[in-house]
Amino acid sequence: MADEEPVDPKAYLEELCKPKCVKPLLEYRACEKRIEGDETGHKHCTGQYFDYWSCVDKCVAKKLFSKLK
């Protein structure tokens, strides 16, 4: 048991939290569709991307820190 690698619960918790962040995910995907044909590279969805992951991280943090030693 001591030789086993510790398992990081963050990835598992992220998967549990993703369904709770549907609205930011849909906004990000809508942005991706809007800029799909942009050849200039000036348009981006960075804000929507970070909004989505911020939502996931906030959800994970509530659960993750209670599991850490």
Side-chain angles (χ1 to χ4, degrees):
M1 184 103 179
D3 293 337
E4 291 181 23
E5 285 288 319
V7 177
D8 183 5
K10 185 174 184 264
Y12 172 73
L13 292 173
E14 283 179 346
E15 292 304 315
L16 291 178
C17 286
K18 285 179 181 179
K20 297 178 181 177
C21 298
V22 172
K23 184 178 179 198
L25 178 61
L26 293 176
E27 290 172 1
Y28 173 64
R29 288 185 178 163
C31 179
E32 283 183 317
K33 286 186 189 265
R34 275 196 310 273
I35 67 166
E36 202 170 73
D38 180 39
E39 299 293 328
T40 65
H42 294 293
K43 297 178 183 177
H44 57 83
C45 299
T46 305
Q48 292 84 351
Y49 177 82
F50 283 118
D51 288 346
Y52 171 66
W53 282 105
S54 176
C55 176
V56 173
D57 285 343
K58 285 179 187 176
C59 174
V60 168
K62 294 176 193 172
K63 298 171 181 157
L64 180 64
F65 289 109
S66 67
K67 296 184 185 302
L68 297 178
K69 293 182 180 180

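Throughout, residue positions are numbered sequentially from 1 according to the sequence presented. We use all heavy atoms of the structure for the numbers below, so side chains are in, but hydrogens, waters and symmetry mates are not.
- Glu14 approaches Val56 most closely through the heavy-atom pair CG-CG1, 4.0 Å.
- The CG atom of Leu13 sits 11.5 Å away from the CG atom of Asp57 when rounded to the nearest 0.5 Å.
- Atoms OH and SG, on Tyr12 and Cys17 in that order, are 10.5 Å from each other to the nearest 0.5 Å.
- Inspection of the Tyr28 and Glu32 side chains reveals an N or O donor paired with an N or O acceptor under 3.5 Å.
- Listed by chain and number, the residues in a side-chain hydrogen bond (donor to acceptor under 3.5 Å, both in side chains) with Glu27 amount to none (sequence neighbours excluded).
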* To do: Would you sort out whether Cys55 and Cys21 count as a disulfide (SG to SG under 2.5 Å), showing the intermediate values?
  => CA-CA 6 Å; Cys55 176; Cys21 298; 2.1 Å; yes
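- Lys18 has its side chain out of reach of Leu25: every pair of non-hydrogen atoms, C-beta onward, lies at least 4.5 Å apart.
- When hydrophobic clusters are built by joining Ile, Leu, Val, Met, Phe, Trp and Tyr residues whose side-chain heavy atoms come closer than 4.5 Å, directly or via intermediates, Val22 is not grouped with Trp53.
- Closest heavy-atom contact between His44 and Cys31: O-SG, 3.8 Å.
- One distance of note links NZ of Lys62 with NZ of Lys58; it measures 9.0 Å at 0.5 Å rounding.
- Residue Asp38 holds its CG atom at 5.5 Å from NZ of Lys43, rounded to the nearest 0.5 Å.
- For the atom pair OH of Tyr52 and OH of Tyr49, the computed distance is 9.5 Å after rounding to the nearest 0.5 Å.
- With a 4.5 Å cut-off between side-chain heavy atoms of Ile, Leu, Val, Met, Phe, Trp and Tyr, the cluster of Val7 takes in none.
- Residue Lys33 holds its NZ atom at 12.0 Å from SG of Cys45, rounded to the nearest 0.5 Å.
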